[in-house]
Amino acid sequence: MLLFKKIKIKSYEVGLSFRDGEFRGLLTAGRYWLFDALWKIRVDVVSQRDPQLVHDKLDVIVKSGALSDRARVVDLKDNERAVVWIEGRFSHILAPGLYAYWTGFKDVRVEVIDGRNVRFQHPDFKAIVRSPNAAQLLDICSVERNHAGVAFVDGEYVETLPPGQYAWWRGVADAKVVQVDIREQALDVS
């Protein structure tokens, strides 16, 4: 029966140390011998090359303060969403929840957006709505040429939209766009 655990952590990795299921701290690069006679110590080694720290006990890790100088923590409330950029390129959109992004290896920028503004507008709108995961959090629609879009939010008229592409946050309100053909049409009246 082994009483020691040997752990090697590389320069781009971090060890998340747990004892009896309780978070104890971070282990930086190096070799460790941990005395564990009762098999109560667990070390989860995670790579900082992956920009996002995903862990089932992320809330406990964040509350410990161990990530304060190593990661950007984003805690989105029910009415908030966020747009994430990694290395200057759009990556994904975040729903409400708790997230952590490593700050050491990649340039990560997180823009928090108020979801109560049901219509999503952004200077980089086209790059964002082209993303495969955008449709999970946004209702995206297009108003065709020679048409006008009539936008309704929760059954009430909001605005008339010219041709183009538009998006609304899912789960915030019931948004609907009705297209109206505005081409001149000739009718035969007998």
Side-chain angles (χ1 to χ4, degrees), residues 23 46 48-65 67-68 70-103 106-189:
F23 179 70
V46 295
Q48 293 183 74
R49 286 183 182 168
D50 298 329
Q52 187 174 3
L53 170 59
V54 179
H55 197 277
D56 60 332
K57 294 192 178 188
L58 182 62
D59 58 336
V60 176
I61 298 168
V62 167
K63 286 181 184 175
S64 74
L67 298 177
S68 62
R70 295 182 164 271
R72 164 112 195 256
V73 176
V74 180
D75 188 7
L76 299 175
K77 307 300 178 225
D78 289 338
N79 63 328
E80 295 176 324
R81 308 293 185 271
V83 179
V84 180
W85 303 85
I86 298 174
E87 299 294 337
R89 291 181 290 280
F90 172 73
S91 177
H92 56 280
I93 301 174
L94 297 175
L98 182 65
Y99 306 90
Y101 291 90
W102 297 112
T103 56
K106 302 237 179 178
D107 177 33
V108 178
R109 182 171 52 105
V110 179
E111 296 177 47
V112 177
I113 299 171
D114 187 356
R116 290 177 290 201
N117 301 325
V118 180
R119 184 170 161 200
F120 173 70
Q121 295 176 305
H122 194 276
D124 295 310
F125 180 84
K126 288 184 180 182
I128 294 169
V129 297
R130 271 190 241 128
S131 167
N133 86 332
Q136 296 172 359
L137 295 171
L138 291 170
D139 282 324
I140 303 166
C141 74
S142 295
V143 176
E144 303 299 324
R145 188 171 34 166
N146 298 321
H147 288 74
V150 181
F152 296 92
V153 175
D154 290 333
E156 293 186 26
Y157 169 79
V158 177
E159 62 183 315
T160 302
L161 305 168
Q165 196 169 29
Y166 302 93
W168 283 265
W169 292 113
R170 284 187 177 199
V172 175
D174 182 30
K176 183 177 182 179
V177 175
V178 177
Q179 287 196 56
V180 178
D181 192 342
I182 56 173
R183 291 180 285 193
E184 199 172 297
Q185 296 183 12
L187 295 173
D188 288 334
V189 179

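Only this structure's heavy atoms are used, side chains among them; waters, hydrogens and symmetry mates stay out.
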Nearest heavy atoms of [X] and [Y], plus distance in Å:
{"X": "Ala148", "Y": "Val143", "result": "C-CG1, 3.8 Å"}
{"X": "Ser131", "Y": "Ser91", "result": "OG-O, 4.3 Å"}
{"X": "Asn117", "Y": "Trp169", "result": "O-CD1, 3.4 Å"}
{"X": "Leu58", "Y": "Leu98", "result": "CD2-O, 3.6 Å"}
{"X": "Trp102", "Y": "Val46", "result": "CZ2-CG2, 3.9 Å"}
{"X": "Ile93", "Y": "Asn133", "result": "N-ND2, 3.5 Å"}

[X] (side chain) donor-acceptor with [Y] (main chain) under 3.5 angstrom:
{"X": "Glu111", "Y": "Ala82", "answer": "no"}
{"X": "Gln179", "Y": "Ser142", "answer": "yes"}
{"X": "Asp154", "Y": "Asp174", "answer": "yes"}

Would you give the length of the straight line joining atom [atom1] of [X] to atom [atom2] of [Y], rounded to the nearest 0.5 angstrom?
{"X": "Thr103", "Y": "Gln48", "atom1": "OG1", "atom2": "CD", "result": "8.0 Å"}
{"X": "Gln52", "Y": "Ile86", "atom1": "CD", "atom2": "CD1", "result": "8.0 Å"}
{"X": "Phe152", "Y": "Glu159", "atom1": "CZ", "atom2": "CD", "result": "11.5 Å"}
{"X": "Arg119", "Y": "Trp168", "atom1": "CZ", "atom2": "CH2", "result": "6.0 Å"}
{"X": "Arg81", "Y": "Arg170", "atom1": "CZ", "atom2": "CZ", "result": "12.0 Å"}
{"X": "Arg89", "Y": "Arg109", "atom1": "CZ", "atom2": "CZ", "result": "12.5 Å"}

Under 6.0 Å from the [atom1] atom of [X], do we count more than 12 heavy atoms belonging to anything else shown?
{"X": "Asp78", "atom1": "CG", "value": "no"}
{"X": "Lys57", "atom1": "NZ", "value": "yes"}
{"X": "Glu156", "atom1": "CD", "value": "no"}

Q: Could you check Val84 against Tyr99 for side-chain contact (heavy atoms from CB on, under 4.5 Å), going step by step and ending with a plain yes or no?
A: CA-CA 11 Å; Val84 180; Tyr99 306 90; over 6 Å; no
(Q) Determine whether Asp59 and Phe23 satisfy the following criterion, side-chain contact (heavy atoms from CB on, under 4.5 Å), listing intermediate values before the conclusion. (A) CA-CA 10 Å; Asp59 58 336; Phe23 179 70; over 6 Å; no
**Q.** Ion pair check, Lys77 and Asp75, cut-off under 4.0 Å
**A.** yes
Hey, does [Y] have a side-chain heavy atom less than 4.5 Å from the side chain of [X]?
{"X": "Lys106", "Y": "Tyr101", "answer": "no"}
{"X": "Arg72", "Y": "Val108", "answer": "no"}
{"X": "Val172", "Y": "Phe120", "answer": "no"}
{"X": "Tyr166", "Y": "Val177", "answer": "no"}

